[in-house]
Enquirer: 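Here it is, the structure in full.
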Amino acid sequence: MKYGYFDDASREYVITTPRTPLPWINYLGNEDFFTLLSNTAGGYSFYRDARLRRITRYRYNNCPLDQEGFHLYVKDGDTVWNPGWQPVQTELDSYSCRHGLGYTVIEGTKDGITAKQEFIVPKGEKCMLIRVTVTNISGKEKELSVFPYLEFCLWDAMDDASNFQRNFSTGEVEVAGSAIYHKTEYRERRDHYAVFWANREAQGFDTSRDAFIGVYGSPARPEAVFGAGCTNSVAHGWQPVAAEQFDMTLQPSEQYDLILGLGYIENPAEEKWENPGVINKKKAEAMIARFSDNGTFDAAMNTLKKFWAELLSGYQVESGDEKLDRMVNIWNQYQCMVTFNMSRSASYFESGMGRGMGFRDSCQDLLGFVHMIPERARERILDIAATQFPDGSAYHQYQPLTKKGNLAVGSGFNDDPLWLIAGTDAYLCETGDWSILDEEVDFDNDPALRQPLMEHLRRSFNFTRNHLGPHGLPLIGRADWNDCLNLNCFSEHPGESFQITGPSEGPVAESVFIAGMFVKYGSAYVRICRHLGLETEAAEAEEAVAAVEKATLGAGWDGAWFRRAFDAYGNVVGGKECEEGQIFIEPQGMCVMAGIGKETGEAAAAMKSVEERLDTKYGIVLLQPAYTRYHLELGEISSYPPGYKENAGIFCHNNPWIVCAETELGHGDRAFQVYKRTAPAYIENISEIHRTEPYVYSQMIAGKDAPSFGEGKNSWLTGTAAWTFLSISQAILGLKPTLDGLMIDPCIPADWKGFTVTRRYRGAEYHITVQNPGSVQHGIKRILVDGVAQESKILAPASAGSTVKVEVVMG
Ligand code: BGC
């Protein structure tokens with residue numbers, strides 16, 4: 001069942017009922033100011049950091065769900081309704097929500113009145129605009145009032161949700177005309193405030209929640225709206241809000257519009273005040289003036305749409321399959337941008353208070369984003385590297401506002417360092433900008449420890465090389481990619497962290513997954529060294545990689561698949577002798593992607609085992625058989641009920657590893673089959689089962705052992721975005737950036753006749769046509785570049801600004 005449809009020409013998903021299985025959200029904002037917005041206008045805004053600089057409130061586990069946001073109340077006689085249906089939930093005569101790229105339009109009709117809210121965060125601005133358009137289509141005169149409403153957060157979202165003894169006394173606002181200023185804590189150390197404004201004169205306002213909603217009221221029945229209107233309340237302490245009242249008399253067909261804004265302003269310390277106790281509003285007034293009419297609103301919308309059209313034009317496919325095209329050309333790339341911006345910090349499943357930017361997460365996000373805005377990828381790599389420790393290990397997370405490592409979580413996740421090589425290698429392959437390796441970057445955010453980025457990569461590589469266990473495989477530390485496989489932690493008591501209880505490192509527990517990573521990204525490191533002329537270092541590194549590869553095919557091989565790990569007692573995890581958890585997906589994907597066992601048959605056997613043991617109709621589960629009880633020596637993985645999350649859920653992130661691995665072996669049919677099973681556009685028809693947004697990937701789909709098999713959770717912020725983009729754009733369609741140029745090497749289903757791709761690469765535009773007359777899955781008969789036959793699959797970079805015509809015949 002569907003709850004909407006894709007409008008590809010407008011690059012929108014159009015939701016046609018407000019009763020989606022879960023709130024279906026969108027992300028507005030690209031640089032500093034962000035809003036999460038649901039299809040019923042729920043959500044919240046923040047400046048840069050969802051924890052430290054939260055502008056409006058949101059209650060995640062509220063009941064009813066999704067009641068905080070940017071709602072508009074329309075009062076038409078005795079009827080009160082919202083264009084997005086929530087929170088009053090008055091039945092609408094019509095409803096739609098168009099989620100576009102960086103904007104959302106919600107429109108509802110009731111009793112001859114249409115009300116539309118258009119939401120956008122303009123490029124380069126620290127604000128969100130909401131244009132409200134009310135149209136009288138009833139054929140008779142109507143008297144109405146509309147009330148926009150939002151609730152401010154007292155900045156630090158964690159403190160806001162817990163420190164009530166203080167916070168109920170600190171709230172302060174100022175009102176000037178139709179602008180409401182939220183200035184809690186501005187009197188002391190803050191140099192910032194928020195402003196909510198309207199471009200028309202309001203007939204009333206409220207800034208006290210108790211006055212607008214009522215102490216025992218609810219957003220579904222605000223006293224001011226259902227009663228006699230706003231009372232011009234000024235909040236002192238308690239809950240500061242922004243509500244305004246606009247009265248109108250509309251003739252038949254008459255339209256009324258109103259531009260609302262929510263802005264974030266910073267003032268230097270010496271310019272904080274206009275008069276004692278009165279905040280300096282100059283910057284806010286200038287912001288308000290910039291968006292005073294429809295013309296400026298439309299211009300902001302056009303700029304945003306052009307920005308996205310240009311950005312996406314860097315990779316566009318025409319495959320003849322509209323679902324594939326919409327994933328590749330629109331939604332997958334859009335999600336890559338969102339994950340790049342947010343890492344795992346703020347979604348409808350990530351509270352914005354828990355996790356900041358993940359070291360491994362952000363490095364992987366780069367893989368799907370680097371072709372979009374390489375300069376931002378560059379900046380990110382340097383920020384991430386600055387949180388690395390001198391020994392090559394790394395803070396597992398850092399806060400986006402401060403860019404400082406998160407001490408509470410610390411380090412000890414032994415895959416982290418290698419992801420820095422992965423991200424940097426992707427940047428080098430995309431841009432050819434070797435200067436990044438010379439950039440001086442702090443270790444541990446300490447300028448005294450600054451070293452060139454290349455030294456960071458070296459220490460990443462050496463960290464793994466110097467932390468090998470009894471079988472010559474890398475030690476796992478607190479966990480590897482699978483945060484929930486905690487082999488050294490022994491978390492025994494409720495409330496203890498699974499990951500950081502116990503020693504951060506044991507001398508025994510080893511990870512076959514990190515071994516695969518070391519072969520894959522260690523080899524990338526070798527290529528980088530060679531490119532820099534560091535032959536001795538390259539040769540040594542190659543030897544270290546070869547030794548780990550050998551160990552992987554030795555102790556890491558179980559007979560028909562790669563083992564997952566050795567636990568702290570030296571017991572096998574992910575082997576046939578295990579009672580539960582006999583086979584895991586991660587090492588199969590990573591080791592085969594690394595090419596391990598490709599020549600000797602293990603790779604093919606591992607892929608066959610995945611198909612036989614882990615496949616389901618909704619995707620490949622992480623492991624089998626699921627753990628049915630808690631295993632102290634394994635940790636969080638066994639804390640989940642069977643079928644959820646890392647305990648045999650379909651963890652979408654590592655399905656594309658199998659896609660990539662299958663293409664390593666030339667299996668285009670199977671690769672595309674795996675790709676399609678989790679790709680949102682292909683499963684739109686089962687939205688009532690999948691429940692999360694049909695335009696983006698979720699982190700997890702419940703596996704076959706779960707009662708809710710097929711149900712998605714944790715949509716939006718997942719490494720799945722980057723990895724699926726990589727799996728389709730590089731592995732299947734076969735356009736792989738390398739250090740030496742763009743490689744063309746498709747691996748497609750045999751029944752594809754061909755496809756075309758336009759790809760921007762190092763400043764040149766490649767128009768690539770692939771034909772498959774012989775119905776093969778892999779292999780190239782001929783490549784012509786501007787009519788000239790090529791010897792190599794790697795095309796030497798063309799000059800920036802040029803257009804290159806590439807004709808490929810498979811066979
Ligand atoms: C984390 C990742 C981790 C994955 C698997 C995600 O929630 O953000 O860092 O690799 O779970 O455990």
Side-chain angles (χ1 to χ4, degrees), residues 50 335 338-368 384 387 394-398 400 405-406 409-420 422-423 476-487 489 491 497-500 511 513-514 516-517 521 564-565 573-574 581 584-587 589-590 619-623 627 634-640 644-657 678 692 697-701 703 712-724:
Q335 191 176 358
V338 172
T339 53
F340 174 82
N341 284 334
M342 298 288 133
S343 194
R344 307 295 169 266
S345 67
S347 73
Y348 264 40
F349 300 85
E350 303 272 11
S351 68
M353 304 185 223
R355 312 201 282 170
M357 314 291 280
F359 191 98
R360 79 158 78 90
D361 297 330
S362 288
C363 284
Q364 287 173 89
D365 294 343
L366 287 166
L367 308 179
I384 297 172
T387 66
Y395 275 110
H396 196 47
Q397 289 161 13
Y398 71 95
N406 180 341
V409 182
S411 78
F413 297 78
N414 282 0
D415 62 319
D416 275 336
L418 290 172
W419 290 116
L420 183 64
I476 197 167
R478 289 188 160 144
D480 61 19
W481 171 87
N482 191 333
D483 262 343
C484 301
L485 192 59
N486 317 122
L487 304 182
C489 299
S491 174
S497 160
F498 289 106
Q499 283 81 31
I500 61 177
S511 162
F513 174 79
I514 301 181
M517 274 190 86
Y521 299 117
R564 180 62 180 85
V573 180
F584 283 63
I585 189 173
E586 305 103 299
M590 189 51 77
I620 303 172
V621 296
L622 194 145
L623 61 85
Y627 294 107
L634 301 180
E636 188 170 11
I637 193 163
S638 58
S639 76
Y640 291 113
Y644 292 113
K645 298 272 283 179
E646 283 86 342
N647 187 12
I650 298 158
F651 221 83
C652 298
H653 189 140
N654 42 38
N655 275 242
W657 295 348
T678 56
T692 46
Y697 285 93
S698 293
Q699 180 212 55
M700 193 273 295
I701 298 172
K713 278 190 197 137
N714 304 4
S715 55
W716 280 99
L717 301 188
T718 159
T720 314
W723 273 104
T724 45

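Just so you know, residue 1 is the first one in the sequence shown, and it goes up from there. Each ligand, and each atom within it, is numbered from 1 in the order the structure gives.
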Enquirer: Run the numbers for me: atoms of ligand 1, each under 4.0 Å from some heavy atom of Arg344, listed by number.
Expert: 8 (O)

Enquirer: Out of all atoms in ligand 1, which are within 4.0 Å of some heavy atom of Asn482? Include the element for each.
Expert: 12 (O)

Enquirer: Which residue and non-hydrogen atom of the protein lie closest to atom 7 (O) of ligand 1, and at what distance in Å?
Expert: Gln699 NE2, 2.9 Å

Enquirer: For residues Ala346 and Leu717, report the shortest heavy-atom separation together with the two atoms involved.
Expert: O-CD1, 3.2 Å

Enquirer: Give a yes/no on ligand 1: does Lys645 have at least one heavy atom closer than 4.0 angstrom to it?
Expert: no

Enquirer: Of all the heavy atoms in His653, does at least one lie under 4.0 Å from an atom in ligand 1?
Expert: no

Enquirer: Geometry only, no angles: is His396 polar-contacting ligand 1 at N/O separations under 3.5 Å?
Expert: no

Enquirer: What protein heavy atom is closest to atom 10 (O) of ligand 1, reported as residue, atom name and distance in Å?
Expert: Trp481 O, 2.5 Å

Enquirer: Among protein heavy atoms, which sits nearest to atom 1 (C) of ligand 1, and what does the distance come to when rounded to 0.1 Å?
Expert: Arg355 NH1, 3.5 Å

Enquirer: A side-chain contact here means heavy atoms from C-beta on lying under 4.5 Å apart; do Met700 and His653 qualify?
Expert: no

Enquirer: Taking NZ, NE, NH1 and NH2 as the nitrogens, is one of them in Arg564 or Asp480 under 4.0 Å from a carboxylate oxygen of the other?
Expert: yes

Enquirer: Do you know the tightest heavy-atom contact between Thr718 and Ser698?
Expert: CG2-C, 3.9 Å

Enquirer: Do Gln699 side-chain atoms and Lys713 backbone N/O form a donor-acceptor pair below 3.5 Å?
Expert: no

Enquirer: So do Tyr697 and Thr339 actually touch side chain to side chain, heavy atoms under 4.5 Å?
Expert: no

Enquirer: Which residue and atom name correspond to the protein heavy atom nearest atom 5 (C) of ligand 1, and how close is it?
Expert: Glu646 OE2, 3.1 Å

Enquirer: Can you tell me which residue and heavy atom of the protein come closest to atom 2 (C) of ligand 1, and the distance to 0.1 Å?
Expert: Asp361 OD1, 3.2 Å

Enquirer: Where the side chain of Asn654 meets the backbone of Glu586, is there a donor-acceptor pair that is under 3.5 Å apart?
Expert: no

